[in-house]
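Presented below is the structure to which this report refers.
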Amino acid sequence: SQQGEEDPQALSIQEGENATMNCSYKTSINNLQWYRQNSGRGLVHLILIRSNEREKHSGRLRVTLDTSKKSSSLLITASRAADTASYFCATDAQDMRFGAGTRLTVKP
Amino acid sequence: GAGVSQSPRYKVAKRGQDVALRCDPISGHVSLFWYQQALGQGPEFLTYFQNEAQLDKSGLPSDRFFAERPEGSVSTLKIQRTQQEDSAVYLCASSYLIRGTGMTEAFFGQGTRLTVV
């Protein structure tokens with residue numbers, strides 16, 4: 001089974017709204033990463049959070065990590081139509097496996 | 001090169017044909033991953049290399065799939081006797097990751113879209 005599992009499977013919001021996606025995992029980790037994939041393209045790294053960090057920011061991205069619950073969330077603030085993509089999480093356990101992802105649609 | 005390069009970008013194979021997909025990782029990257037991604041799905045892990053050693057091949061779906069990285073740089077994913085269910089995008093990624101010590105950012109290629117007819 002995959003190590004990182006994202007939810008919801010799909011999310012549709014209006015431009016300017018915030019988008020929150022969640023990731024759950026099963027085993028102990030050193031760090032967790034979030035990636036983005038535009039249709040037909042490779043994945044692009046967004047942010048890495050280490051197991052001793054609880055929150056990290058990068059531009060409009062905010063990632064939290066709760067190791068006690070084995071979960072992470074990705075918040076995209078003030079979303080734009082260009083944020084429309086699939087978002088995946090992965091941990092360093094089990095050689096970087098991904099879940100099915102969250103398909104985010106931002107309507108202009 | 002500046003990034004991970006995969007070739008060919010597109011491959012159409014007749015059922016039963018053998019195919020070879022190439023991945024040129026970023027120079028100096030120790031770790032290399034192969035994934036299979038079906039339409040609308042997440043990337044499914046196939047195999048992982050640390051330099052030339054294939055440390056995990058648990059994701060390879062059958063013995064028709066074979067991957068190698070003989071000199072610790074370029075890698076080839078070979079699929080023998082292709083079947084229609086092998087149709088997918090095959091993604092390669094590389095990083096400075098050292099297994100067991102934590103990951104760094106992984107860089108992905110654009111993928112090879114394989115269509116088996």
Side-chain angles (χ1 to χ4, degrees), chain A residues 1-10 21 23-53 56 58 61 63 65 67 72 85-105, chain B residues 2-7 9-10 23-26 29-50 53-60 67 88-113 115:
Chain A
S1 63
Q2 301 292 12
Q3 174 68 332
E5 295 291 341
E6 302 86 355
D7 82 272
Q9 289 188 350
M21 289 158 268
C23 169
S24 60
Y25 58 92
K26 294 174 180 159
T27 63
S28 297
I29 62 170
N30 291 307
N31 55 60
L32 181 144
Q33 300 186 56
W34 284 91
Y35 287 81
R36 164 197 169 120
Q37 184 179 36
N38 287 87
S39 181
R41 309 294 293 270
L43 278 72
V44 175
H45 179 265
L46 293 176
I47 196 164
L48 180 153
I49 185 165
R50 301 197 183 280
S51 59
N52 61 355
E53 297 175 311
K56 199 162 182 180
S58 177
L61 304 181
V63 168
L65 179 65
T67 53
S72 173
S86 291
Y87 292 82
F88 299 92
C89 66
T91 70
D92 61 318
Q94 285 190 288
D95 297 326
M96 201 169 73
R97 284 165 158 80
F98 295 91
T102 293
R103 277 185 293 284
L104 173 65
T105 302
Chain B
V4 178
S5 177
Q6 291 187 247
S7 60
R9 285 295 312 278
Y10 304 92
C23 174
D24 279 89
I26 293 173
H29 276 190
V30 169
S31 293
L32 186 145
F33 305 82
W34 281 100
Y35 297 88
Q36 179 191 60
Q37 187 173 27
L39 190 64
Q41 303 297 314
E44 291 278 343
F45 172 85
L46 293 177
T47 187
Y48 164 69
F49 288 88
Q50 186 172 304
Q54 189 175 21
L55 298 187
D56 188 345
K57 55 182 180 180
S58 62
L60 297 176
V89 174
Y90 290 85
L91 294 168
C92 174
S94 70
S95 79
Y96 285 116
L97 163 80
I98 303 295
R99 192 194 205 205
T101 66
M103 260 190 320
T104 60
E105 175 183 356
F107 294 82
F108 281 77
Q110 297 285 53
T112 294
R113 183 177 298 278
T115 303

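Just so we're on the same page: letters track the sequence lines, and every chain starts at 1.
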B:Lys57 atom NZ, over 12 foreign heavy atoms within 6.0 Å: no
A:Gln9 atom CD, over 12 foreign heavy atoms within 6.0 Å: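 Count not over threshold, so no.
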Expected output: side-chain A:Arg103 to main-chain B:Gly40 donor-acceptor under 3.5 Å: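 Answer holds: yes.
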Check: A:Tyr35 side chain, B:Ala106 main-chain N or O, donor-acceptor pair, under 3.5 Å: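 Indeed, once roles are kept as given, a pair shorter than 3.5 Å links the two residues.
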Any side-chain heavy-atom pair of A:Met96 and B:Tyr35 under 4.5 Å: yes
Test item: A:Gln37 and B:Leu91 side chains (from C-beta on) under 4.5 Å apart, heavy atoms: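 Of all side-chain heavy-atom pairs linking B:Leu91 with A:Gln37, at least one is under 4.5 Å.
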Approximate separation, where rounding is to 0.5 Å, of B:Ser95 OG and A:Gln33 CD: 8.0 Å
For B:Ser7, side-chain contact (heavy atoms from CB on, under 4.5 Å) partners two or more places apart: B:Arg22
Sequence-distant partners of B:Gln110, side-chain contact (heavy atoms from CB on, under 4.5 Å), two or more places apart: A:Arg41, B:Arg9
Heavy-atom pair with the smallest gap, counting every atom of B:Pro43 and A:Gly99: CD-O, 4.3 Å
Heavy-atom pairs under 4.5 Å with chain A, option from B:Gln41, B:Arg113, B:Gln37, B:Gln6 with the top count: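 Sorted descending by pairs with chain A, the first entry is B:Gln37.
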